[in-house]
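Computed from a predicted structure; not experimentally measured. Lettering of chains follows the sequences in order, A, B, ..., and the numbering in each one begins at 1.
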Number of protein chains: 2
Amino acid sequence: MATDHLPVSGDFLNQRLAEKGLRFTSQRQHVYEVLLSQRDHPSADEVFMRAKQSKPEISMATVYNSLDALVKCGVVRQVNVDRGASMYCSNMNEHAHFCCDDCGKVFDVNLKDSPRVPEVDVSGKFEVRQIDIALHGRCTGTCEDCGRREAHA
Amino acid sequence: MATDHLPVSGDFLNQRLAEKGLRFTSQRQHVYEVLLSQRDHPSADEVFMRAKQSKPEISMATVYNSLDALVKCGVVRQVNVDRGASMYCSNMNEHAHFCCDDCGKVFDVNLKDSPRVPEVDVSGKFEVRQIDIALHGRCTGTCEDCGRREAHA
DNA sequence: TTTCTATTTAGAATTATTCCAAGTATTGAC
DNA sequence: GTCAATACTTGGAATAATTCTAAATAGAAA
């Protein structure tokens, strides 16, 4: 996997972690690079498997710890769309997630008028840090899995 | 628990289930009434425990099955905000969920400008059935747990 | 350095969810 | 109504996801 010469200066991550009082470690950097190198929505387990390819000694507990750290310092988003495993998304541009209830795949989508953090008024009761928008439905024709399933049905 | 004389005519649920080709059963009705009778955000396990109080023979598998059926026919929403257990919400009015990252509690909130299904344009690739909006942050002062935690810190 | 504390590790433990096979209830056709 | 077909329920086992634990290691501050 091409996780070696990524444009992650390390300084960037280091600073983001430091801002939250978290330490920069090679494991966290590695997990981050794994996420950046393949921009889908892997589960912790999938991240673990990918991370092991170039860093075989990494442990599952560390993957969870690293993912938590990355989410906490705002360089990765945790995506929860269903009862299954949480997924992780390194696309920090403003976007929503579409989850197909038939095939289970998750896609990044841009919404024209999605609420933004500065715009959210929750009457002083809550301090909003992030907004997660998940769409549910079916991906019609977009993916071959759904096509197949409909062909069967 | 006052799950006996609720304004759930049964017909309503029956019809919604039938529309999706699902059968009306006493278990599904009971689970639905459990959710309606206490409008918080219980996990499947919590629903199970509440349901058992007045219907001790109900099983966990049936609770999951019933929750799935209720979600599928659109009378209950599944709420996924974190890695933990999914939660279930019988408030079908348009609203978002605020999840406090400190105490973990989930609150219903109304957003002024949240996207609605008819308004979502995803370029014909997706058929959107539902939009779930989850806010993350901290509930400042709203709940005693957070107050306590801050007092300690 | 030294010290303090956060992090990592492997594996055990726990929690959440699904699966299974046998029995039961609901539906639609007659 | 009765019957067949099939969906649903049940308890428990199985699996999957996540957290915990205690010892070793590594980063940060003095």
Side-chain angles (χ1 to χ4, degrees), chain A residues 10-11 13-32 34 41-52 54-73 76 78-88 101 104 106, chain B residues 10-11 13-32 34 41-52 54-73 78-88 101 104 106 153:
Chain A
D11 292 342
L13 180 56
N14 195 343
Q15 190 192 338
R16 294 302 214 96
L17 287 166
E19 282 167 7
K20 295 286 176 186
L22 298 163
R23 290 184 182 168
F24 177 87
T25 68
S26 67
Q27 290 87 346
R28 286 171 180 177
Q29 181 176 34
H30 184 61
V31 167
Y32 187 38
V34 161
H41 303 91
S43 65
D45 196 58
E46 286 163 343
V47 171
F48 180 47
M49 291 191 296
R50 293 178 194 175
K52 272 198 293 193
S54 39
K55 206 176 194 351
E57 71 280 14
I58 200 169
S59 76
M60 191 72 218
T62 297
V63 167
Y64 272 105
N65 176 313
S66 298
L67 289 169
D68 284 345
L70 296 172
V71 168
K72 217 170 269 177
C73 77
V76 161
Q78 189 180 30
V79 180
N80 312 293
V81 286
D82 216 337
R83 280 203 294 249
S86 290
M87 296 172 295
Y88 298 86
D101 292 329
V106 173
Chain B
D11 292 342
L13 181 56
N14 195 343
Q15 192 192 337
R16 295 302 216 95
L17 286 166
E19 282 167 8
K20 295 287 176 184
L22 298 163
R23 290 184 181 167
F24 177 87
T25 68
S26 67
Q27 290 87 343
R28 286 172 180 177
Q29 181 175 35
H30 184 61
V31 166
Y32 186 38
V34 162
H41 302 91
S43 64
D45 196 58
E46 286 163 343
V47 171
F48 180 47
M49 291 190 296
R50 293 180 193 176
K52 271 198 296 193
S54 38
K55 205 177 198 342
E57 69 280 15
I58 200 168
S59 75
M60 191 72 220
T62 297
V63 167
Y64 272 105
N65 177 313
S66 298
L67 289 170
D68 284 344
L70 296 173
V71 168
K72 218 171 268 175
C73 76
Q78 190 181 30
V79 180
N80 311 292
V81 287
D82 214 337
R83 280 203 296 247
S86 290
M87 296 171 295
Y88 298 86
D101 292 329
V106 173

**Q** How long is the straight-line distance from CG of A/Asp82 back to CD of B/Gln78, given to the nearest 0.5 Å?
**A**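 Going from the CD atom of B/Gln78 to the CG atom of A/Asp82 covers 5.5 Å.
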**Q** Taking heavy atoms of chain B and a 4.0 Å limit, find me the 5'-most and 3'-most nucleotide of DNA chain C within that range.
**A**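 Contact span on the strand: C/dA16 to C/dT27.
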**Q** For A/Ala85, which contact category applies under a 4.0 Å heavy-atom criterion: base, sugar-phosphate, or nothing?
**A**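 It contacts sugar-phosphate atoms only.
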**Q** Between B/Phe24 and B/Ala61, name the one whose nearest nucleotide on DNA chain C is closer to the 5' end.
**A**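 First, find each residue's nearest nucleotide; the 5'-ward one identifies B/Ala61.
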**Q** So, taking the atom named CZ in B/Arg83 and the one named OG in A/Ser43, what distance separates them when rounded to the nearest 0.5 Å?
**A**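 Reported value, rounded in 0.5 Å steps: 11.5 Å.
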**Q** Scan B/Arg23 against the nucleic acid and name what it touches under 4.0 Å (heavy atoms): base, sugar-phosphate only, or nothing.
**A**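 The answer is base, as B/Arg23 lies within the cut-off (heavy atoms under 4.0 Å) of a base atom.
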**Q** Mark yes or no for whether B/Asn80, through its side chain, and B/Ser86, through its backbone, hold a donor-acceptor pair below 3.5 Å.
**A**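 Checking the backbone N and O of B/Ser86 against the side chain of B/Asn80, no donor-acceptor pair under 3.5 Å is found.
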**Q** With sugar-phosphate meaning primed atoms plus P, OP1 and OP2, does B/Thr25 contact a base, only sugar-phosphate, or nothing at under 4.0 Å between heavy atoms?
**A**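 Contact class for B/Thr25: sugar-phosphate only.
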**Q** Can you name the closest pair of heavy atoms from A/Pro42 and A/Val47 and give their distance?
**A**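 So the two residues come closest at CG-CG2, 3.7 Å.
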**Q** Anything under 4.0 Å to a heavy atom of chain B counts; send over the first and last such nucleotide of DNA chain D, read 5' to 3'.
**A**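 With heavy atoms of chain B under 4.0 Å away, the range is D/dT6 to D/dT19.
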**Q** Indicate, with a heavy-atom threshold strictly under 4.0 Å, whether B/Ser43 touches base, sugar-phosphate, or nothing.
**A**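 The residue B/Ser43 makes no contact with any strand.
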**Q** I need the minimum non-hydrogen distance between B/Ser54 and B/Pro56, along with the two atoms involved.
**A**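 Nearest heavy atoms, B/Ser54 then B/Pro56: C-CD, 3.7 Å.
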**Q** Quick check: on DNA chain D, is the nucleotide nearest B/Asn65 upstream (toward 5') of the one nearest B/Arg83, or the reverse? Name the residue that is more 5'.
**A**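 With B/Arg83 and B/Asn65 compared, the 5'-side residue is B/Asn65.
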**Q** Measure across A/Leu17 and A/Phe24 and return the closest heavy-atom pair with its distance rounded to 0.1 Å.
**A**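 Here A/Leu17 and A/Phe24 meet closest at CD1-CA, 3.7 Å.
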**Q** Measure the spacing between NZ of B/Lys52 and CE of B/Met60 and express it to the nearest 0.5 Å.
**A**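 Reported to 0.5 Å precision, the distance equals 9.0 Å.
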**Q** Got more than 12 heavy atoms from elsewhere within 6.0 Å of NZ, B/Lys55?
**A**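 Counting other residues, nucleotides and ligands, NZ of B/Lys55 exceeds 12 neighbours.
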